[in-house]
There are 2 protein chains.
Amino acid sequence: MELKSVKREWNTLKKDTMARMKEAAPYVKKGKIVDANDTVALLEAVIKPGDKVNIEGNNQKQADFLAKALCQVDKKKIHDLHMVQSVLTLPEHLDVFEKGIAKKLDMSFSGPQAGRIAEFLQEGKLELGAIHTYLELYGRYFVDLTPKVALVAATMADKDGNLFTGFSTEDTPAIVEATKFRQGIVIAQVNQIVDKLPRVDIPGDWVDYVIQSPKPFYIEPLFTRDPALITDAQVLKGMMAIKGIYAEYGVKRLNHGIGFDTAAIELLLPTYGESLGLKGKICTNFILNPHPTLIPAIESGWVESVHSFGGELGMEDYVAARSDVFFVGPDGSMRSNRAFSQTAGHYAIDMFIGGTLQIDPYGNSSTATANRVAGFGGAPNMGCDAKGRRHSTDAWLKVGDEYGMKNEMYGPVRRGKRLVVQIAETFRGKLEPGFVEELDACALAKNAQLPIEPVMIYGDDLTHIITEEGIAYLHKCETMEQRTAAIRGIAGFTEVGMKADPKETQRLRDKGIIKTPVDLGIDIRKANRSMLAAKNVHDLVHWSHGLYNPPAKFRNW
Amino acid sequence: MELKSVKREWNTLKKDTMARMKEAAPYVKKGKIVDANDTVALLEAVIKPGDKVNIEGNNQKQADFLAKALCQVDKKKIHDLHMVQSVLTLPEHLDVFEKGIAKKLDMSFSGPQAGRIAEFLQEGKLELGAIHTYLELYGRYFVDLTPKVALVAATMADKDGNLFTGFSTEDTPAIVEATKFRQGIVIAQVNQIVDKLPRVDIPGDWVDYVIQSPKPFYIEPLFTRDPALITDAQVLKGMMAIKGIYAEYGVKRLNHGIGFDTAAIELLLPTYGESLGLKGKICTNFILNPHPTLIPAIESGWVESVHSFGGELGMEDYVAARSDVFFVGPDGSMRSNRAFSQTAGHYAIDMFIGGTLQIDPYGNSSTATANRVAGFGGAPNMGCDAKGRRHSTDAWLKVGDEYGMKNEMYGPVRRGKRLVVQIAETFRGKLEPGFVEELDACALAKNAQLPIEPVMIYGDDLTHIITEEGIAYLHKCETMEQRTAAIRGIAGFTEVGMKADPKETQRLRDKGIIKTPVDLGIDIRKANRSMLAAKNVHDLVHWSHGLYNPPAKFRNW
């Protein structure tokens with residue numbers, strides 16, 4: 001046999017890392033500790049041009065001190081970085097591009113920085129790899145987007161680099177494992193360096209440097225919704241959802257998207273849900289951040305378990321005191337984990353339900369607008385039919401049995417389908433239509449030269465749309481033509497809805513593909529805020545027996 | 001506001017666990033160490049009737065000592081357990097049902113025990129929850145199948161319960177995290193208790209008891225294929241795959257299923273692949289266990305990275321010496337991780353390719369037989385279209401652009417589609433047909449009273465079938481009728497193939513939906529074993545520069 005093996009070294013990554021760490025050695029004090037004042041110097045020692053770099057920052061906790069430090073490196077030394085990180089929310093996440101330190105970006109969600117990304121793209125300051133759902137990006141960390149250097153955040157560290165991430169563990173395990181085991185370098189900013197951690201979340205062997213940041217990491221209460229701002233229209237849609245979908249399919253395992261629509265549903269469970277006799281029959285197991293609006297349902301005995309992607313400011317004590325419900329560690333504080341929660345959100349839930357901004361006549365929906373590259377976070381992962389799923393639940397089987405296109409898709413075998421529900425308003429404030437003939441995502445794809453339109457949820461995955469007009473049971477449709485008619489039938493006075501043929505809409509009602517509040521037997525007069533189990537944040541505190549400690553901006557008492 | 005909160009305790013799980021651990025206290029020696037002789041007593045103290053229990057054992061490493069111990073508990077004390085575990089391969093995994101210790105089962109794969117599961121089901125000795133793909137089962141660990149007690153395996157522990165799982169980390173992190181953070185109990189059997197671990201894979205805070213087992217955990221070299229057993233027919237199909245699919249779509253990121261078909265492809269890369277000028281253009285990033293048959297491609301410089309679900313016996317030193325390619329820890333040994341590898345396999349790869357036993361005229365395929373409840377492990381997770389995916393690659397976009405049903409599915413937006421390829425023989429040994437009008441999975445569903453037929457890969461996910469007759473490009477079909485005709489066209493003299501209409505087959509060839517070896521420009525005379533880069537295991541050792549150390553059963557020299 002003739003060997004044509006290539007003559008090469010097989011541990012160049014490791015050698016390169018060792019050389020960088022040698023350069024950084026002067027900045028290391030006791031164990032793995034680096035002084036905050038030496039952060040920029042440390043980064044200049046361990047990061048090289050062209051590196052893939054991750055700055056931890058999901059939509060909650062942020063490695064903000066390290067993000068700021070990266071903006072201060074000498075761009076003659078460090079440039080052309082490829083940022084591979086789930087979220088861009090801080091100005092510094094874009095400043096590195098403005099300053100010429102970073103060049104390429106692969107990400108999941110950009111919230112407040114979405115407009116700047118679009119600008120930078122057009123100005124050539126930034127090259128966009130792709131927009132991912134969170135779990136997809138973590139997957140690529142182990143394939144072709146492994147960070148060379150990861151800048152993460154933790155609550156505490158000890159001198160050996162062991163980290164306590166606790167309540168806000170979030171993305172840290174996925175980032176650190178991918179980076180460290182591909183010979184990369186892990187730097188953690190921590191709020192505090194202590195002798196003994198409450199518990200170890202990340203072993204010290206996986207962490208190279210720890211820095212006590214001057215201020216605790218930045219964190220935002222993103223999932224808190226004040227019940228006082230829930231509208232009567234949201235109460236109506238919530239009642240329709242509970243009666244026409246949750247009860248109809250017996251939805252037990254689920255995720256609620258962020259927003260007032262789902263907050264309304266959470267607050268209707270102990271009132272409207274109770275009146276329908278649904279306790280124990282729906283909403284028993286959640287994949288969800290610790291939403292304060294879920295407190296009344298938990299306290300009323302509706303909820304068996306909640307696994308969380310991340311924490312939520314103010315909910316620490318409440319969660320710790322409810323260890324039968326939340327995933328709490330031996331030290332008494334929760335461990336969140338976005339990778340596992342998204343895994344469960346993809347494969348173990350019967351339904352994803354959330355709000356959207358625009359839906360087209362094919363059922364594609366998106367929150368993208370023409371000049372903002374925002375991404376969708378976890379929504380695509382949960383808002384799709386998980387085709388690899390092989391276990392059955394009643395809800396999943398019922399949707400599959402009702403699926404109108406099954407014969408064309410997989411013939412005479414039986415398969416289920418996940419409920420993917422979008423709640424929309426026909427018109428939002430300023431008369432912006434919730435239904436459009438073409439999504440703004442199409443304009444964005446052109447403007448930002450994206451290879452595909454950024455669609456959050458595709459029409460073939462979407463099973464139900466809820467508007468104030470009614471529910472469309474889209475999965476029952478046998479053709480695209482029928483699906484489009486069903487969408488037009490609940491789209492009100494939007495351009496999409498105006499094209500509805502009233503006779504066809506009536507036929508779809510007769511077939512149970514469209515159901516109005518009347519068809520559902522909902523008394524619209526009762527659909528108002530008095531149905532909510534809590535009317536404001538103070539009520540939530542009351543329900544929590546004082547354990548929920550809302551951030552200042554949610555307190556008006 | 002009227003509070004209707006339920007009066008209840010909110011930390012009953014924790015109290016229950018503490019009570020059990022108190023009962024177990026007499027068996028604990030130094031730190032968290034329990035003597036192997038006290039294992040049965042420990043299990044009787046911490047397990048209660050009806051518990052959900054996990055015995056770690058994926059298709060490689062097995063917590064075999066703990067599995068045996070569980071068979072020895074007093075069934076008057078412990079019964080009606082609900083086993084939630086990914087794999088049943090050891091006789092003891094079924095013995096617990098035979099003995100009346102366990103009652104219900106949720107699992108992923110059962111290999112050699114598949115026949116006994118079917119028997120036990122019929123005899124009422126076992127109640128089957130569901131069959132899952134691995135990642136799906138891990139997801140449910142965080143929702144409704146959280147183990148109360150987990151019996152796991154590690155290479156080493158220290159007295160504080162820190163674990164070194166290294167090369168064979170596999171499922172341990174997912175199991176332990178779900179169990180421990182829902183107030184459960186984690187017991188680890190380890191090969192060795194040491195003062196200082198090479199590195200920490202699982203923090204000691206997450207582990208309650210460690211037991212040094214009398215023998216190292218059982219592990220099997222499941223992914224090793226001897227090149228000497230590869231047939232000329234497999235070489236032909238491998239060449240067709242490389243030219244007609246890998247090259248056609250530019251497949252860079254991929255997973256290879258277990259088996260000789262894909263082993264042949266691995267061994268054709270440095271020969272046939274090289275001759276087509278494909279190095280660097282295909283097969284650069286793998287999600288794969290350390291297959292010995294991949295060694296020649298790695299040594300020839302084809303492979304940039306490999307992330308592994310688990311280890312493979314004999315590959316330890318080779319992998320450690322190739323840290324540029326594999327994910328290797330600071331101590332120098334690999335860390336596998338099935339949860340992250342399956343995540344990557346779902347979301348970050350362009351193609352899954354593997355073998356199957358039966359395909360029906362709708363394109364549904366299965367390895368299930370009428371009297372064996374076997375499961376499919378990771379195949380459904382990788383062998384499906386990952387609908388949550390939002391990043392583009394050339395391969396993914398090309399399949400999406402060719403997708404014949406796209407207008408009916410999602411209208412005029414652009415979306416990609418993952419390559420899902422099944423390699424089949426029209427007839428296997430004993431003349432068993434690879435194509436059947438009805439899958440044996442249908443009979444199994446009836447026999448075992450399963451709610452759905454155990455289909456491994458569904459027709460709407462499958463993009464290509466390769467047989468010795470040709471490749472069917474199924475995703476190009478616009479209707480089920482056309483898909484069925486394409487399948488019949490490459491199904492040879494099976495009952496499915498005999499119904500092919502030669503004129504329709506020719507039309508499909510004209511449209512590029514079927515391609516024969518001739519259509520692909522493959523010289524069949526060259527399709528023989530001489531094309532393989534290694535002809536036997538000894539050749540693989542040679543390619544590895546002596547670093548691969550094959551298990552005894554693969555050595556004949």
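In the text below, chain A, chain B and the rest are named by the order of the sequence lines, each starting its count at 1. All values below come from the heavy atoms of this structure, side chains included, with hydrogens, waters and symmetry mates left out.
Going from atom OH of B/Tyr458 over to atom CE of A/Met409 covers 12.5 Å, rounded to the nearest 0.5 Å. Rounding to the nearest 0.5 angstrom, the gap separating the CE atom in B/Met480 from the CE atom in A/Met405 is 11.0 Å. Between A/Phe142 atom CZ and B/Tyr347 atom OH the span is 16.0 Å, to the nearest 0.5 Å. B/Lys180 NZ to A/Arg199 CZ: the interatomic distance, rounded to the nearest 0.5 Å, is 11.0 Å. Rounding to the nearest 0.5 angstrom, the gap separating the OG1 atom in A/Thr343 from the NE2 atom in B/His346 is 9.5 Å. Between atom OG of residue A/Ser323 and atom CZ of residue B/Phe181 there is a gap of 13.0 Å, rounded to the nearest 0.5 Å.
The part of B/Trp396 that comes within reach of chain A is its side chain, from C-beta onward, which places non-hydrogen atoms under 4.5 angstrom from that chain. B/Ala174 touches chain A through backbone and side chain together, each having a heavy atom under 4.5 Å away. The contact between B/Asn11 and chain A is made by backbone and side chain atoms together, counting heavy-atom distances below 4.5 Å. Of the atoms belonging to B/Glu438, not a single heavy atom falls under 4.5 Å from chain A. Interface remark: B/Phe286 contributes no atoms to any contact with chain A (heavy atom separation under 4.5 Å).
Among A/Leu197, A/Val306, A/Thr12, the residue with the largest count of heavy-atom pairs under 4.5 Å with chain B is A/Thr12. Of the residues considered (B/Lys387, B/Glu453, B/Arg483), B/Lys387 shows the highest number of contacts with chain A, using heavy-atom pairs under 4.5 Å. Chain A forms the most heavy-atom pairs under 4.5 Å with one residue out of B/Asn407, B/Val413, B/Asn285, B/Thr133, and that residue is B/Val413. Of the listed residues (A/Phe327, A/Tyr362, A/Tyr410), the one with the most heavy-atom contacts under 4.5 Å to chain B is A/Phe327. When the candidates B/Leu137, B/Asn381, B/Asp106 are compared by the number of heavy-atom contacts under 4.5 Å with chain A, B/Asn381 comes out ahead. Counting heavy-atom pairs closer than 4.5 Å to chain A, the top residue among B/His132, B/Glu481, B/Glu177 is B/Glu177. Across A/Glu9, A/Arg253, A/Lys14, the residue that shares the most heavy-atom pairs under 4.5 angstrom with chain B is A/Arg253. Contacts with chain A were tallied for B/Gly363, B/Pro330, B/Pro296, B/Gly204; B/Pro330 has the most, counting heavy-atom pairs under 4.5 Å. For the options A/Asn162, A/Asp201, A/Ile457, heavy-atom pairs under 4.5 Å to chain B are most numerous at A/Asp201. Between chain A and the residues B/Thr17, B/Asp331, B/Asn337, the largest count of heavy-atom pairs under 4.5 Å involves B/Asn337. Between chain B and the options A/Met456, A/Met382, A/Gln342, A/Met334, heavy-atom pairs under 4.5 Å are most frequent for A/Met456. For the options A/Pro412, A/Pro173, A/Ala441, heavy-atom pairs under 4.5 Å to chain B are most numerous at A/Pro412.
Closest heavy-atom contact between B/Pro203 and A/Pro203: CG-CG, 4.2 Å. When every heavy atom of A/Phe340 is checked against every heavy atom of B/Ala339, the shortest pair comes out as CE2-CB, 4.0 Å. Smallest separation of non-hydrogen atoms from B/Trp206 and A/Val200: NE1-O, 2.9 Å. In this structure, B/Glu408 and A/Thr479 approach most closely via the heavy-atom pair OE1-CA, 3.5 Å. Taking both residues in full, the closest heavy atoms of A/Ala130 and B/Ser392 are given as CB-N, 4.5 Å, listed atom of the first, atom of the second, then distance. Across B/Gly388 and A/Cys384, no two heavy atoms sit closer than the pair N-SG, 3.5 Å.
For the pair A/Arg415/B/Asn364, no side-chain contact is recorded, criterion being any heavy-atom separation below 4.5 Å from C-beta on. A/Gln183 has its side chain within reach of B/Val328: a pair of non-hydrogen atoms, C-beta onward, lies under 4.5 Å apart. Considering only heavy atoms from C-beta on, A/Ser305 stays 4.5 Å or farther from B/Thr146 through its side chain. A heavy-atom distance below 4.5 Å is not found between the side chains of B/His307 and A/Arg182. Considering only heavy atoms from C-beta on, A/Arg8 comes within 4.5 Å of B/Asp324 through its side chain. At least one side-chain heavy atom of B/Val143 sits under 4.5 Å from a side-chain heavy atom of A/Ile287.
In this structure, B/Asp205 does not pair ionically with A/Arg335, as no charged nitrogen and carboxylate oxygen lie closer than 4.0 Å. Remark: B/Asp144 does not engage A/Lys252 in a salt bridge, criterion side-chain N to carboxylate O under 4.0 Å.
Looking at A/Arg390, A/Arg389, A/His391 one by one, the single match for side chain to side chain donor-acceptor pair (under 3.5 Å) with B/Glu136 turns out to be A/His391.
Atom CG of A/Asp394 sits in a sparse spot, with 12 or fewer heavy atoms from other residues, nucleotides or ligands closer than 6.0 Å.
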